[in-house]
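Right, one structure below, let's go through it.
Numbered from 1 within each chain, the chains take letters A, B, ... in sequence-line order.
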There are 2 protein chains.
Amino acid sequence: MDGHVTNSSLSNLPLLCRFCEGRRNGICAVLTPAQLLEISRHSSRRQLAPGEKIVAEGEEISSYHNVLRGVVALSKTLSDGRQQIVGLRFPSDFIGRPYGDESDLAAHAAVETDVCSLSRERLDRMAFEVPDLGRRLHRQALKELDEARDWLLTLGRKTAKERVASFLLLIAAGAEPLPRNATGFELPLSRAHIADFLGLTIETVSRQMGALRRSRIIALEGSRRVAIHDAEGLRRAAALG
Amino acid sequence: MDGHVTNSSLSNLPLLCRFCEGRRNGICAVLTPAQLLEISRHSSRRQLAPGEKIVAEGEEISSYHNVLRGVVALSKTLSDGRQQIVGLRFPSDFIGRPYGDESDLAAHAAVETDVCSLSRERLDRMAFEVPDLGRRLHRQALKELDEARDWLLTLGRKTAKERVASFLLLIAAGAEPLPRNATGFELPLSRAHIADFLGLTIETVSRQMGALRRSRIIALEGSRRVAIHDAEGLRRAAALG
DNA sequence: CGATAAATTGAGCCCAATCAAGGCAAGTGG
DNA sequence: CCACTTGCCTTGATTGGGCTCAATTTATCG
């Protein structure tokens, strides 16, 4: 629906964009080579260590970002320190909040992560001039809205076990580009991050992981590597279907 | 930033739009009289009784809506019946999810409500042709996203008392157009709806309202009318500031 | 290998859910 | 006008799921 451009040969593309995920599935997919060149002049690729901050809560934003590799956690914090992760961004996802006003999120790399940082001002201007880009950003916002609302149901109404099961399904599904093989996949979040995402404590997450393992729905190898043995059982445990 | 139109005299406007809130603050604010006329040809005003359904979960959507009066609750339901209200729409708010795919919400009038129903197909087409309208819808989505993320923090990390206090602040602030006077304001939701919004049970909501009353932070007149006696205390009780 | 952080496990407690009873206001029919 | 119903809310007693605090165990990394 959006894309109608860029089957052009690699050599037309700015160096920065040639092997970029964002160009294939992200917001850059709707840009022509000329537009890519224009925006790439004000872009830069950055590698982030696990835990590294991308934007702090309340900070003035001057760049947007595309996630190229890794996972970024968006979080909000209460004045007394309680924290909630309100979204996860995976490769080809966009990070940013057009139309400045409001919003007050922190963004941290959850694992080693590459992002492409774009000039906010430039992209805003281009979104104004290129309707397809504006629409692409609109769709991105709607996707995030859908995700946030799904998660509201999870946080408001699901039990600890259901939340953990829902999380595993989310990662298993939404995280295709993450390292995975026959023996399962790698969780891109620590127990502490998972707890912050699920509105639980570390201990409860750990116990529920253990419970899912003991009921043979999943298998664990170390604390990060997960294999789903009974997908149907996991869906049931997540209160789906 | 959006608006650059319509200081035109009332008589230029379609009858339907003349006294409409949506024209002043809603998405219709960016439309010219001619565009309003075009869209209003495929619009109709409806009055909804409390509890009346606007769209069911999973239903195919053929209209968008503007809320003119009252309150609309957007909700999601688990297969076993557990329900979560994921958003409230007040007068001048837009109800709808452009770009069809995904999203699976029910919408119910919480109180007696007037909505203006617009042809989805027409508005989609107009949003494609009128950049300002597309941007207005984009901003609307971002506003909803901000709200959803605030609520994620509330549902994930706040206690029952903090949730109830947060809810009262939300209504007191966001519901300016609702009936109010010196003795406070009218809650637009029943205890059951409040519970569904806060991820609590009716009984807990009732108890926490009682607790806030006993600590002289609010006063209750019947079960619907609320007066805030100690705004600062309420903010503290909501874990803000 | 030792040091330090991360994850698991256990014991006890507390907040909110559950179960159950009763109050209150509006409507209905005799 | 009063008995009765019905829907909504409040209050009480009890239970239980998830939190807290604390002790190990297991990864991770110099």
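Regarding A/Leu212, its CG atom lies at a distance of 17 Å from the P atom of C/dA7, rounded to whole Å. A/Arg163 places its CZ atom 11 Å from the C1' atom of D/dG17, with the value rounded to the nearest Å. If you measure from atom CD1 of A/Ile194 to atom P of C/dA6, you get 13 Å, rounded to the nearest angstrom. One can place CD of A/Glu221 at 10 Å from P of D/dA27, the figure rounded to the nearest angstrom.
Taking five base pairs at each end of the helix from C/dC1-D/dG30 to C/dG30-D/dC1 and finding the rotation axis that steps the C1' atoms of four pairs onto the next four gives two axes whose angle is 30°, to the nearest 10°.
Residues that satisfy the side chain to side chain contact (heavy atoms under 4.5 Å, CB included) test with A/Thr201, not counting sequence neighbours, are A/Glu203, A/Thr204. In this view, B/Arg149 and A/Glu144 satisfy the side chain to side chain donor-acceptor pair (under 3.5 Å) rule, not counting sequence neighbours.
Although no hydrogens or angles enter the test, the distance criterion places no donor-acceptor pair under 3.5 Å between the side chain of A/Trp151 and the main chain of A/Leu198. Remark: side-chain polar atoms of B/Asp93 are not paired, donor with acceptor, to backbone N or O of B/Ile95 under 3.5 angstrom. For the pair B/Arg23 (side chain) and B/Arg18 (backbone), a donor-acceptor distance under 3.5 Å is present. Of the possible donor and acceptor atoms, none in the side chain of B/Lys158 sits under 3.5 Å from a partner among the backbone N and O of B/Ala239. Put simply, the side chain of B/Glu162 gets close to the backbone of B/Thr159: a donor and an acceptor are under 3.5 Å apart.
Counting heavy atoms from C-beta outward, B/Met209 and B/Arg213 have side chains that stay 4.5 Å or more apart. Contact check for A/Val86 versus A/Leu105: side-chain heavy atoms found under the 4.5 Å cut-off.
Applying the side chain to side chain donor-acceptor pair (under 3.5 Å) rule to pairs touching residues 48-63 of chain B yields B/Glu57-B/Thr77, sequence neighbours excluded.
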So which protein N/O to nucleotides 12-21 of chain C N/O distances come out below 3.5 Å?
unit_1 : atom_1 : unit_2   : atom_2 : d
C/dA16 : OP1    : B/Ala160 : N      : 2.6
C/dA17 : OP2    : B/Thr201 : OG1    : 3.1
C/dA17 : OP2    : B/Thr204 : OG1    : 2.4
C/dT18 : O4     : B/Arg207 : NH2    : 2.8
C/dC19 : N4     : B/Glu203 : OE2    : 3.1

Please tabulate, one pair per line, each protein N/O and nucleotide N/O from nucleotides 6-9 of chain D that are separated by under 3.5 Å, including the distance.
unit_1 : atom_1 : unit_2   : atom_2 : d
D/dC9  : OP1    : B/Arg191 : N      : 3.3
D/dC9  : OP2    : B/Arg191 : N      : 3.2

